[in-house]
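See below for the structure under consideration.
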Amino acid sequence: MFSRFLNQNHAFRSGILQKQLLILPFFGLALFLVLTGSSCSTANQAVSAEPKHYIEPPKQKFIPVSTTAFRVCADPNNLPFSNQKGEGFENKIAELIGKKLGLPVEYTWFAQRRGFFRNTLREGRCDAVIGAPEKFERADSTDPYYYSSYVFVSRKDKKLNVASFDDPILQDLKIGVQMIGDDALNTPPAHLLADRGIVQNVVGYSVYGEYTEPNPPSRIINAVANKDVDIAVVWGPLAGYFAARQKVPLDIRPVVPAANEKLPLVFGISIAVRFGDDEFKQRLNQIIDDDRKEITRILDQYHIPQVPEPSNKFDMEGGK
Amino acid sequence: MFKGEVSRPIFSLLRFAAIVLIATGLSLTGCRSKAVSEIAPNEGYPSANNLMQPGADDGQWPMSAKDYANTRFSGLDQINASNVANLKVAWTFSTGVDRGQEAAPIVIGDTMYVVTPYPNQLYALDLKNNGAAKWHYDPAPDSASQGVACCDVVNRGAAFMNGKVFINTLDGYTCAVDAGTGQELWRTKLGDINKGETITMAPLAVKDKVYVGNSGGEFGVRGWIAALNANDGHVVWKAFNTGPDADVLIGPNFHPFYDMDKGKDLGVSTWTPDQWKLGGSNVWGFISYDPETNLIFHGTGNPGVWNPELRPGDNKWSNGIFARNADTGEAAWYYQFSPHDQFDHDGINENILLELPINGQPRKVVLRPDRNGYMYVLDRGNGQVLSATPYTFINSATGVELQTGRLQYAEDKLAATGKVVHDICPNASGAKDWEPSAYSPRTGLLYVPHENMCMDWEGLEANYIAGTPYIGVDAKFYAGPGGNMGFFTAWDPVHNSPAWRLAEKYPVWSGALATAGDIVFYGTMEGWFKAVDAKTGNLLWQFKTGSGIIGQPVTYRGPDGKQYVAILSGIGGWPGAIVAGGLDPDDQTAAAGWGKAMEDLPKDTTKGGTLYVFSLP
């Protein structure tokens, strides 16, 4: 019987460590037969709370940092961050750092999508990525050189003045949010809205956008300007830059709360380097520290909304 | 069947026709399906529509699933339980691509056609000359498509019909190639990689049409299936699986069995406004066809982009099965396996068309091992659930209510952002992913390659896409009860119970093949290609190929009259990407939960891409 089979298996496991079972000679295992049963009820036994064995992240293989160029990986089509013409604020920051290092900036262009860090920085196609969250699993990161927030964006002429997810007017507005697209992975605003039961009036805009068009993620800001939506919740740098380029004035306000018990909405942004490149990281930290004014000037030029470092940093379970 | 060895070469059309006639005649004893006995030669090739009737001509293997009913059963019995131990490598062929090899080689006459993962090279191999390449077709797919594929850059095989070979490319094209010369006859762009659309499935060719669906539910792509004219590639019809009835091709002839699937524009109303536009529900599995009713059957994928809490409602027409008119695409019926999907139980698994004795009466059914862990027996005429039985350990649901057809989710396993949920079984890749089963009419058993995986949703990690930071759930997959990650199960769909099952260390990610020699073939992610006794599961033979196996075994009769068995070896796919893509085991973005479970895999196998062909000495 199926249910009995599962119980037998269970007993089997309790006697042998899972690890050992995995390395048992295979041929024996392959003949692990189960008797035919006649009835088969829905089996719903609880799985035991036996500890699972997860492995630690592997070491980043050592790839020396270039001494002849400041090698940067960047998206060729992602303003305000970067583009191939060097028009993004991350391009400007890269140039600033290159100058301080006394090295020419050398780019590897790669769409900043799934696998970006794996295929670029970790593979040694470059030594730095100018924008990455300060606590990041795939790479080491410098001190943050700015903090920004998800923001509410609306037309000034609508006079909505919404800054809080708890503003009751949100129940009645058509709200645009950025969507990521993986199961159980989405932008924090989408979750905060859902927590408040605001789902019927939410419209999703893919952060990927249409890559054949310039600046694919900008469509959500156009939607606010064109009145496709009443308000949108957008990552600050994207909102600030594109809002400033609309024909109609847009209102931008960092969201409140800046974090809830589940998710942060304010992020520190750092330069990503490979794990182990500590010396290089220290040099970059020094430059960030020395040239903070200049970096801030660049960010202001691009209308990047900046917020103070949160006093109570969000504690990510399992984060680093 | 084929008790006396048929040792004639097949090049002559007349002889070929004779063999088909013999085969179809003989097959009546072994296969329950009706055989078609007329031959309509076309450009020197047999009519594929005849070839694809179950048992019609077991010398060939004209489509990934062998036949329209998707049985993956061959009447060849030269290789059988008593002599399979002597099986030896006859020849091999390197595909030149070392990503996951999920394709089935197809065999027509004296030629084998093999399509590789991206860059989707199609090779014609000469079976009279130990597989020497006759020609090679390069569809030149856009390299950017690699970054859009969710789970390795796989391709699940080619299809043959009336002198043409059809393949899909990762960058969204369907191409028709002259089977004799390798000349491209037409190509049609169906998907747009800039929207996240790719095509990985094996096309189905029936009569004058080729059926193709898209992948990309992870990127908010709206799922569809299209029928192309086989002669010139123009799109005859296209049906979306979300949105208004007019887009879904739901009309007056749509008659689902359950109330939950009835109503106007459910593809809109079971989503919050506009969400269906990013609603996934893609078609990347195998399509089956019933010539008697002229219906095609296809699964629909997971609801796209939105977390469960953001998409209240059943999210039609995700995670279900459509029966559609093959000529018009018009929906005949639909049934939803996992309404309001909670776990990425992507409903694309194969639908095997059988006639089974149910309560003593022969019933035309669809047999469906679903991702959610239930083995469904559906009435082929209307989608009614005749039975739904767990074929592996399930705790994410408590059962399927037969009156309403609804899957009953287990409340304590439902995910929500920030909520830690342990021990969700099956995991996101399901009790069984795409890897197709085989059915033997001789044993009455379905041979199911599948998984034994559970998962935790816990922990949060910072992520970064297109300049936008966010926090993702840290999913961790691990082996279910017993500690083994895979099973190969022989399932009795009449008595709803396993006849036997074999435990495997890793998920069994290869397809299955059943033959009249009463043996069953499958491969493991370590690279073992195995033959087991169809009745008992006893291991009769195994061979260690160069890389992990996630392909689809096939069998055919060579020009020399001997039976051959072929399999592609080359690790990859969703769990195997850790080796094929050289990923870090902890890279959640790339391996999407698999990384930690697959920590041993890089020690157990390495990348590869080789076709192995076996025969008796």
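In what follows, chains are A, B, ... by sequence order, proteins preceding strands, each numbered from 1.
Put simply, CG on Asp228(A) and CG on Asp274(B) are 10.0 Å apart, with the number rounded to the nearest 0.5 Å. The CD atom of Gln200(A) sits 13.0 Å away from atom CH2 of Trp271(B), with the distance rounded to the nearest 0.5 Å. The CH2 atom of Trp235(A) sits 13.5 Å away from atom OH of Tyr470(B), with the distance rounded to the nearest 0.5 Å.
Residues forming a side chain to side chain donor-acceptor pair (under 3.5 Å) with Asp140(A) (at least two apart in sequence, or on another chain): Lys281(A). Every residue two or more places apart in sequence or in another chain that forms a side chain to side chain donor-acceptor pair (under 3.5 Å) with Asp492(B) is listed here: His495(B).
Side-chain contact between Thr468(B) and Tyr150(A): present, with at least one pair of heavy atoms (C-beta onward) separated by less than 4.5 Å.
Across every non-hydrogen atom of Pro469(B) and Ile269(A), the tightest pair is CG-CD1, 4.4 Å. Taking all atoms of both residues into account, the shortest heavy-atom contact from Phe81(A) to Gly467(B) is CZ-O, 3.3 Å.
When heavy atoms are compared at a cutoff of 4.5 Å, Asp75(A) does not approach chain B at all. Residue contact with chain A, scored on non-hydrogen atoms closer than 4.5 Å, involves the side chain of Pro312(B) exclusively. If you measure heavy-atom distances from Phe116(A) to chain B, you find no contacts under 4.5 Å at all.
If you tally non-hydrogen atom pairs under 4.5 Å between each of Pro217(A), Pro189(A), Pro216(A), Ala194(A) and chain B, the highest count goes to Ala194(A).
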